[in-house]
2 protein chains.
Amino acid sequence: MAAGVSTATVSRAFNNPEKVAPEVRARVLATASALGWMPHAAAGALARGRTNIAGAIIPTLDNEIFAAQIGGMQSAFATRAVTLLLGCSNYDRDEAFRHAQAMLGKGVEALAIAGEAHRPELFETIAARGVPYVVTYSYRADSPHPCVGFDNREAFHRMTRYLLDLGHREIGLIVQPVAGNDRIEARVAGVREALAERGLGLRAGHVREGEWSIGFGRESLRAIMSGPAPRPASRPTAVICGNDWLAIGALLEARAMGLAVPTDLSITGFDDVAMAAQMEPGLTTMRVDNARIGSLAADYLLERLGGGTPSPVPPQVPDLIERGSTAPPR
Amino acid sequence: MAAGVSTATVSRAFNNPEKVAPEVRARVLATASALGWMPHAAAGALARGRTNIAGAIIPTLDNEIFAAQIGGMQSAFATRAVTLLLGCSNYDRDEAFRHAQAMLGKGVEALAIAGEAHRPELFETIAARGVPYVVTYSYRADSPHPCVGFDNREAFHRMTRYLLDLGHREIGLIVQPVAGNDRIEARVAGVREALAERGLGLRAGHVREGEWSIGFGRESLRAIMSGPAPRPASRPTAVICGNDWLAIGALLEARAMGLAVPTDLSITGFDDVAMAAQMEPGLTTMRVDNARIGSLAADYLLERLGGGTPSPVPPQVPDLIERGSTAPPR
DNA sequence: TTGTAAGCGTTATCAC
DNA sequence: GTGATAACGCTTACAA
């Protein structure tokens, strides 16, 4: 090499600084930076059998909860010089599977996958390669996978019970598309379960499922509150929304319809986006630290990469944030 | 190999399907999938001298504009089997530089970098390696770098002129931190320039700079509108905000202060987040297709990777969306 | 059409 | 403490 040493020494200078004479080391590093030289990672990966690459598969970055999760994961991995490969499935199982395959091919040493509603081959392929992985954002005690997240069913069960305890009996529900989304499925199940425990249920006309947007929240609230009601008593006195944007839409539409919140109608959201606290009245919602879920997932995987057997990550517990949008029914 | 063929044939079966007998090809693919075998990307990269990896460096995923950009970029790259390495600098030049170095080491073949306010070494290192790159989200006609984005100065110049044409003469400004952020710097410059063209300027007490949050928007508006005013006439009749969240905060605070928008005060934002249209009154703002910026950047880079000389991407032009938050001053 | 064999740029194992 | 040298798992002339 230009520094007058063998390639072996260069390699050591970079990877095992203590195994090389300080003076030589300095010279190597100096010429390297003078030449703008950099170890070729692919060659290193091949020789070492390690790539220092991890992968994350999420539905989409459009959703701030996943963006936050990836941000947290990325920082945590960066502290150990692990780079993050990102794949967005757009809520498509096949696309998620393709991303997983591509990542495995690129030699990812660990994989974080949002949710567990995936093609079985996905987990099989990962297992076949012995690559450590976690399912993020969701948590089920009896899941076959290691999870880092919270129990969606339990969270919505809690929110529903909160409304029931306030005295509500007729409850509406506006959620994101359930198909292929185990988190939403669990949320709906949580609501139904809590209702069933009090001998109640969800009326078909009081449930709406569609894209999570303010617009769909508005439209859904109007449909629910002005549907063919045999008697006004069957109109819900509370509406649970799958996330804050749906809830904000519902809140705005309630105002537009002349319904007083929370007097005529209670509304709840999920995520505690910045806007939730700013609404009039403030939105009752639940908060999860998504960046933390990302960094916990990364830490877990890093530990496994280091050969350790990390203890399972305990489920995160969302905070129920009570604001002005909920109250006992009139 | 297990399929009874040489490694060369396996390689061809995967990379040059037409160069191998269909029957053999089928057998190879079949045994490969049966064994769960997959070409080792690092080895391939080493032998071929190509990694099929691109990198993107952005400040943070917390900001939906960057998240959207990365989403668009990722999809566009995915269509050509290029995977995206992501790095977040948290608005720190050193961190951005470190990410760039790490990515170059990983063998990225193209780089997209948000903004041009970076350490000069960053661009030098990239140039030294001959890696194609683009600066995203910002555009300046006389920039030394290839840009994919819009002219931030021009956009805010336009917005300011719009307010001036409505008849405003005293204008306030609430923006994100300028330090190390060329996009924001350009926006402020655009405002000052438009004012200067009419012989006007920004009063010190009417300018606020801080984190882009609803909270800072509120706090800033209150400070601006209740500052030590020698005479009420010097209070601004319009406030330009660096993004929609600041503007939404300003709008909410104006309402809280009993100021009528737009009668007493006009307010403008930037980005057209979903909430902007839902405010009362709707927020006048500007919209940019961020996902498109991402995919345009990826397409440009892909073209360069293919050996082509893509024509420079024309600057995107934000739409000025006029809503109820602006009107002539009283 | 298929096989042989020489790299690709590191790391790791030996000697020295 | 340092230098040869054999892997690592592929791609790609070149031969057959």
For the pair made of NE2 in His40(A) and P in dG7(C), what is the distance, rounded to whole Å? 18 Å
What's the CG-C1' distance between Asn16(B) and dT12(D), to the nearest Å? 10 Å
Asn15(A) side chain: which of dT11(C), dG9(D), dT2(C) is closest? dT11(C)
Is the shortest side-chain heavy-atom distance between Leu111(A) and Leu104(A) below 4.5 Å? yes
Between Asp151(B) and Val317(B), is there a side-chain heavy-atom distance shorter than 4.5 Å? no
Which listed nucleotide (dT11(C), dT11(D), dG3(D)) is nearest to the side chain of Ser11(B)? dT11(D)
Mind telling me whether Tyr133(B) and Phe123(B) have parallel, tilted or perpendicular rings, with 30° and 60° as the class edges? tilted
Whole-Å distance between dT1(C) P and Glu18(B) CD? 10 Å
Report the distance from atom CZ of Arg27(A) to atom C1' of dT2(D), rounded to the nearest whole Å. 11 Å
Please determine, by modelled atom types, if Arg50(B) and Asn52(B) share a side-chain donor-acceptor pair under 3.5 angstrom. yes
Distance check: side-chain N/O of Arg48(A) vs OP1/OP2 of dT10(C), anything under 4.0 Å? no
Could you state the CG-P distance from Leu46(A) to dT11(C), rounded to the nearest angstrom? 11 Å
Let me know the distance between CZ of Phe14(B) and P of dG9(D), rounded to the nearest Å. 16 Å
Closest-nucleotide mapping onto DNA chain C: is Glu23(B) or Ala47(B) further toward the 5' terminus? I mean the 5' end. Glu23(B)
Looking at Thr7(A), I'd like to know whether one of its side-chain N or O atoms comes within less than 4.0 Å of OP1 or OP2 on dT10(C). no
Does a side-chain N or O of Ser6(B) approach OP1 or OP2 of dT2(C) to a distance below 4.0 Å, or not? no
Rounded to the nearest Å, what distance is computed from the CZ atom of residue Arg12(B) to the P atom of nucleotide dG3(C)? 8 Å
Assign each of Lys19(B) and Pro39(A) the nucleotide of DNA chain C bearing its closest heavy atom; nearer the 5' end lies the nucleotide of Lys19(B)
Expressed as a whole number of angstroms, how long is the span from Arg129(B):CZ to dG9(C):P? 13 Å
Students often get this wrong, so: under 4.0 angstrom with heavy atoms, is Ala8(A) touching a base, only sugar-phosphate, or nothing? base
Under a 3.5 Å cutoff, is there a donor and acceptor pairing between the side chains of Thr136(B) and Gln69(B)? yes
